[in-house]
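Everything numeric in this text was worked out from a predicted model, so none of it was measured. Proteins come first, then strands; the chains are lettered A, B, ... in the order of their sequence lines, and each starts at number 1.
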Amino acid sequence: MTLDLFDKLPSEPHFEAICEGAVVLRGAAVRDADALMGAVRRVIAESPLRRMKTPGGHTMSVAMTCCGQYGWVTDAQGYRYQSEDPVTGKPWPAMPEELLRLARETAARGGFPDFVPDACLINCYEPGSRMGLHQDKDEQDFSHPIVSVSLGLPQIFQFGGDARSDCPSKIPLQHGDVVVWGGAARLRYHGVLTLKHGHHPLTGAYRYNLTFRRAR
DNA sequence: AAGTTACA
DNA sequence: GCGG
């Protein structure tokens, strides 16, 4: 008999270990979701979502923007963090305080009490969007964790090993779930499977993922 | 490079 | 035929 996490309603937040250094805080952001999405929409109004190109020339299926001191960008030149939005030519929007607070609180609950992010990547998934296995390795100091917040439609998270060939485990993520990974798990390959069609009262046909990092 | 496709 |  299998436990289908997608069928569970958001309940009390609880921990779920993935492996050493990685944990899911189930429902940790549910209570604040309205305010978080309001903040996300204000960021998007200032620095719009865009689908960037990988250095190999492929257009990503996920639409992205950023807030905070630094933003993650990809183009023909490569992957990097930079303080200006290449679309607007202006600095990225400041990181809204409710986003910063959530990132710090959940990082602390996940075992990283000193985490202060300076970058937040906002990923907007529509039906058909996915993210292949990759490592977050454009940051300066890997002693800082990654904090990943899921809002809206559910999507299957893949959490692999330190080699791309390591078979990833599949972790269904729901609205309000927060994944924190660092330490021995900091450079693990990860990604998400194709988003399925659906409707969420707060985000409609979309899933938003907020990824907090310390870039520098 | 966070991509696509082929094929088992 | 499909999805991973």
Side-chain angles (χ1 to χ4, degrees), chain A residues 2 4-6 18 21-22 24 40 43-44 47-68 70-87 92 103 117-142 144-173 177-182 185-198 206-216:
Chain A
T2 54
D4 188 10
L5 293 165
F6 279 177
I18 299 175
V24 190
V40 166
V43 169
I44 292 170
S47 270
L49 292 167
R50 81 292 306 263
R51 288 170 60 187
M52 294 186 285
K53 283 186 174 172
T54 65
H58 298 280
T59 302
M60 299 180 76
S61 62
V62 185
M64 301 176 162
T65 189
C66 302
C67 62
Y70 302 104
W72 185 85
V73 297
T74 172
D75 58 21
Q77 320 306 320
Y79 300 153
R80 64 194 176 276
Y81 285 93
Q82 60 179 52
S83 48
E84 291 83 30
D85 177 351
V87 168
W92 298 100
D118 59 12
C120 173
L121 178 60
I122 297 171
N123 294 151
C124 179
Y125 294 83
E126 63 177 29
S129 295
R130 58 198 161 90
M131 180 84 71
L133 285 178
H134 66 278
Q135 296 171 297
D136 289 8
K137 59 178 184 185
D138 302 311
E139 302 75 25
Q140 250 175 32
D141 181 351
F142 299 142
H144 299 292
I146 303 291
V147 174
S148 173
V149 178
S150 294
L151 295 170
L153 289 178
Q155 194 167 20
I156 309 278
F157 183 54
Q158 287 189 302
F159 202 79
D162 290 329
R164 189 191 285 274
S165 55
D166 294 340
C167 180
S169 54
K170 291 179 176 62
I171 300 156
L173 294 180
D177 290 347
V178 179
V179 185
V180 178
W181 70 94
R186 176 61 178 75
L187 290 174
R188 293 290 202 98
Y189 277 86
H190 58 281
V192 288
L193 300 186
T194 305
L195 188 80
K196 294 181 180 175
H197 291 270
Y206 303 97
R207 171 176 181 263
Y208 290 86
N209 177 71
L210 317 178
T211 309
F212 297 90
R213 302 94 180 263
R214 170 54 80 104
R216 301 177 191 177

- Smallest separation among heavy atoms of A:Ser150 and A:Arg207, with atom names: OG-NH2, 2.8 Å

- Message: Any base atoms under 4.0 Å from A:Arg164, or only sugar-phosphate, or nothing? Heavy atoms, all strands.
- Response: sugar-phosphate

- Quick one: label A:Gly132 by what it contacts on the DNA or RNA (base, sugar-phosphate, nothing), any heavy atom closer than 4.0 Å. sugar-phosphate

Using a cut-off of under 3.5 Å, enumerate the N/O to N/O pairs linking the protein to nucleotides 1-4 of chain C.
unit_1, atom_1, unit_2, atom_2, d
C:dG4, O3', A:Lys170, NZ, 3.4

- According to the interplanar angle, ranging from 0 to 90°, do the rings of A:Trp181 and A:Phe159 count as parallel (below 30°), tilted (30 to 60°) or perpendicular (above 60°)? perpendicular

- Message: Can you confirm whether more than 12 heavy atoms, excluding those of A:Tyr206, are under 6.0 Å from its OH atom?
- Response: no

- Item | Start and end of the DNA chain B segment that chain A contacts, any atom under 4.0 Å from a heavy atom | B:dA1 to B:dT4

- Task: Considering only NZ, NE, NH1 and NH2 on the basic side and carboxylate oxygens on the acidic side, decide whether A:Asp75 and A:Lys53 come within less than 4.0 Å.
- Result: no

- Any salt bridge between A:Glu126 and A:Arg51, counting N to O under 4.0 Å? no

- Does one side chain, of A:Gln158 or A:Tyr189, offer a donor that lies under 3.5 Å from an acceptor on the other? no

- Query: Are A:Pro55 and A:Thr74 side-chain neighbours, meaning at least one heavy-atom pair lies under 4.5 Å?
  - Reply: yes

- Message: With heavy-atom distances below 4.5 Å as the criterion, would you say the side chains of A:Phe157 and A:Asn209 are in contact?
- Response: no

